[in-house]
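Chain identifiers are assigned alphabetically (A, B, ...) following the order of the sequence lines, protein sequences preceding nucleic acid strands; residue numbering begins at 1 within each chain.
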Amino acid sequence: MLDRPTPDRRVPDRPMIEIRDVTRSYGAFKALDDCSLTIREGEFFSLLGPSGCGKTTLLRMIAGFDNPTSGTIAVDGQEMVGVPANRRPTNMVFQSYAIFPHLNVEQNVAYGLKRLKLDPVEEKRRVDEVLAMVSLNGLGKRGAHELSGGQRQRVALARALVMRPKVLLLDEPLSALDKKLREQMQVELRRLQQAVGITFILVTHDQYEALAMSDRIAVMFGGRIAQVASPKEMYQRPVNRQVADFLGGMNFVKAEVVEENGSSITVDTLGFGRVTTEKPKAFVRNGAGATLGIRPERLRVLWDNATAKYEVAGTVVERHYFGEITHLIVEIPGLEKPLSVTETNDFGADDIPVGAAIRLGYDRDALVAMAD
Amino acid sequence: MTAAAEGSPPLTADGIRRRPPLLQSESFQGLALISPTLLYALILLLLPILVVFAHSFWTQNYLTIDHTFTLQNYRTALTEPIYLDLLWRSLFVSLLVSLFTVVLAYPIAYFISFHGGSHKGLWLFLITIPFWTSYLLRVMSWKVILGYNGVLNSGLMGLGLISEPSTALLYNTSAVIITLTHAWAAFAILPIFVSLEKVDRTLIEAAKDLGDGPLRSFLRVTLPLSAPGVISALLIVMIPTVGDYVTPKLVGGKDGVMIANAIQAQFGKASNWPLGAALSVTTMVVVSLMAGGAVFLIRAAARLAR
């Protein structure tokens, strides 16, 4: 384990990174538009968004490879704008891993330590320790060209962790790995982060990766932060259609706001009637129009005479088989777009014929009203 | 045969791989592709070398060549102080020229590669402009610069730094070194530029991220990774300059004479082809050894630098 300050000295929720009103312009184009964000110490934080949303720009600014056009960035209470990357208490795992090709694994990992002029025994101990941490024991003498993709990723991780940074920055570290390895590394990265207690900031465009690993997520679109929330809240209570759509599938139903107060909102819809739901934190009303959303897996097929408190009836128009689940597209009279429904195959959802009339049950709390 | 066998050599019934027909084999096709060049090189490079090599073991009696095997030419080449001196001087000059050229070329290549932006092509084009004129003219222009009434002397006199023209500028070894360094600059810039272009910029960022300032990341990442370019630049300059005889003849004076001038004299005025051949072969061997030694040293230094 790394020699860290004893955990009890850590103040819970102490801010580690404070980003205030950061804008980065390239001519008329704004890669980042007035972003503010606080990341807590010891947090696994993800910046999630489609390519070109500014998430990598933000990460590179925290690392010191880029500077904001306006705004400030502080790491652990210290202002960072103007401080070069080599003097920042952050280390980065690059998307391409950036393993030095002329050095072996050990030399790669010890690269940053050389400058500290440690005692050779101590240096070796730290290198071995961190190699063991990423399960690369015994591979120290391997050349950079003799490593697999997964091993390269571990070397990049070890090389950054051995520096004992206050913040570890990960730029899409798993995107070059195949699916199976990626899922395995997600678990390992999360475990590693909890073991070392370092603040991790992960940049990713893969929503499942962000949901599975993070304490909190910031979703970004077009240089702006759309929502910052825990994975569960982000998934269940997205602030707008864009966020909802980016984090997995969502059925959208046109709604009209009838009543709005501090904590709840009541809307009228065609298929789901009048619904009162919890109001999302960043609900910005734009006239009376709003959207009601429901995740496909929160709609369940009602078999035979089964009933639910809330249900809608419709006709199956398409059926897609995915092994453990089946995807049904159900047309509901009155709704402009058919609903998509995800049902496990335990009860034979894969045998429902196209054209069948079915009823769908749902819970009231599965419905979420959001801004258009 | 199923579709699965496509792309792999056909199998016979008992599963033994049959050799593909000669005309379709990869090595034959490769050979066919390079054969015009290969023939050209064989006829114009290998054959003359063989002729030179053979001559070095023969003796010349005025106009006829005595084909009896003898090592006398090598004995002369390796024991006569004049030839040894010339050989040493040539090696010294070529070593200095290649070092100076690489040291001067590296920053230029670095600038183009790292700060050339979208004008890299233009920069490279500008560097090739001197090559639009002949090599002789470029050497002659150095005579104009370094000469008694040359640009440098008049300039220094005009500034009042010297009272009368210096004769130390032209017709000596330094004049040869200056001229050759300039003449070969582009040949050093290009290979170094290419190897710098291949250096992944993320690696330099990674070095910076791990705490290295600009100088350290250059010494620990950029320089070792561009070593192949430096080595080829060194060799590209070193090998031909050993044998250069135009430059020493034009700007070298009597102090700047190099081994190639002696070889030329043996094949020309002195009319002793076998001795000229022996000197050529000796020079070739020594240059190869020196080039090999240089490569070895750089590799060893790169290994130590880690």
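Of the two parts of A207(B), the backbone and the side chain both hold a non-hydrogen atom closer than 4.5 Å to a non-hydrogen atom of chain A. For M92(A), the parts lying under 4.5 angstrom from a heavy atom of chain B are both the backbone and the side chain. Using a 4.5 Å cut-off between heavy atoms, L169(A) does not touch chain B at all. Neither the backbone nor the side chain of R88(A) comes within contact range of chain B, judged by heavy atoms closer than 4.5 Å. Proximity to chain B involves both the backbone and the side chain of Y111(A), based on heavy atoms less than 4.5 angstrom apart.
Annotation: F111(B), atom CZ; neighbour count of heavy atoms from other residues, nucleotides and ligands within 6.0 Å is above 12. Atom NZ of K120(B) has more than 12 neighbouring heavy atoms from other residues, nucleotides or ligands inside a 6.0 Å radius. Other residues, nucleotides and ligands place no more than 12 heavy atoms under 6.0 Å from the CZ atom of R87(A). Other residues, nucleotides and ligands contribute over 12 non-hydrogen atoms within 6.0 Å of the OH atom of Y26(A). No more than 12 heavy atoms of other residues, nucleotides or ligands sit less than 6.0 Å from atom CD of Q78(A). No more than 12 heavy atoms of other residues, nucleotides or ligands sit less than 6.0 Å from atom CZ of F100(B).
Heavy-atom minimum distance, K208(B) versus G64(A): NZ-O, 4.4 Å. In plain terms, the two heavy atoms of A98(A) and T202(B) that are nearest each other are CB-O, 3.9 Å. Considering all non-hydrogen atoms of both residues, R220(B) and H102(A) come closest at O-NE2, 2.9 Å.
Evaluated for a side chain to side chain contact (heavy atoms under 4.5 Å, CB included) with F100(A), the options D200(B), L225(B), L210(B) yield exactly one hit, L210(B).
Interatomic distance, R60(A) CZ to E205(B) CD, rounded to the nearest 0.5 Å: 4.0 Å.
The side-chain heavy atoms of L203(B) and P101(A), taken from C-beta on, include a pair separated by under 4.5 Å.
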- Item | From CA spacing to verdict: side chain to side chain contact (heavy atoms under 4.5 Å, CB included), N91(A), D209(B) | CA-CA 6 Å; N91(A) 283 108; D209(B) 186 64; 3.4 Å; yes
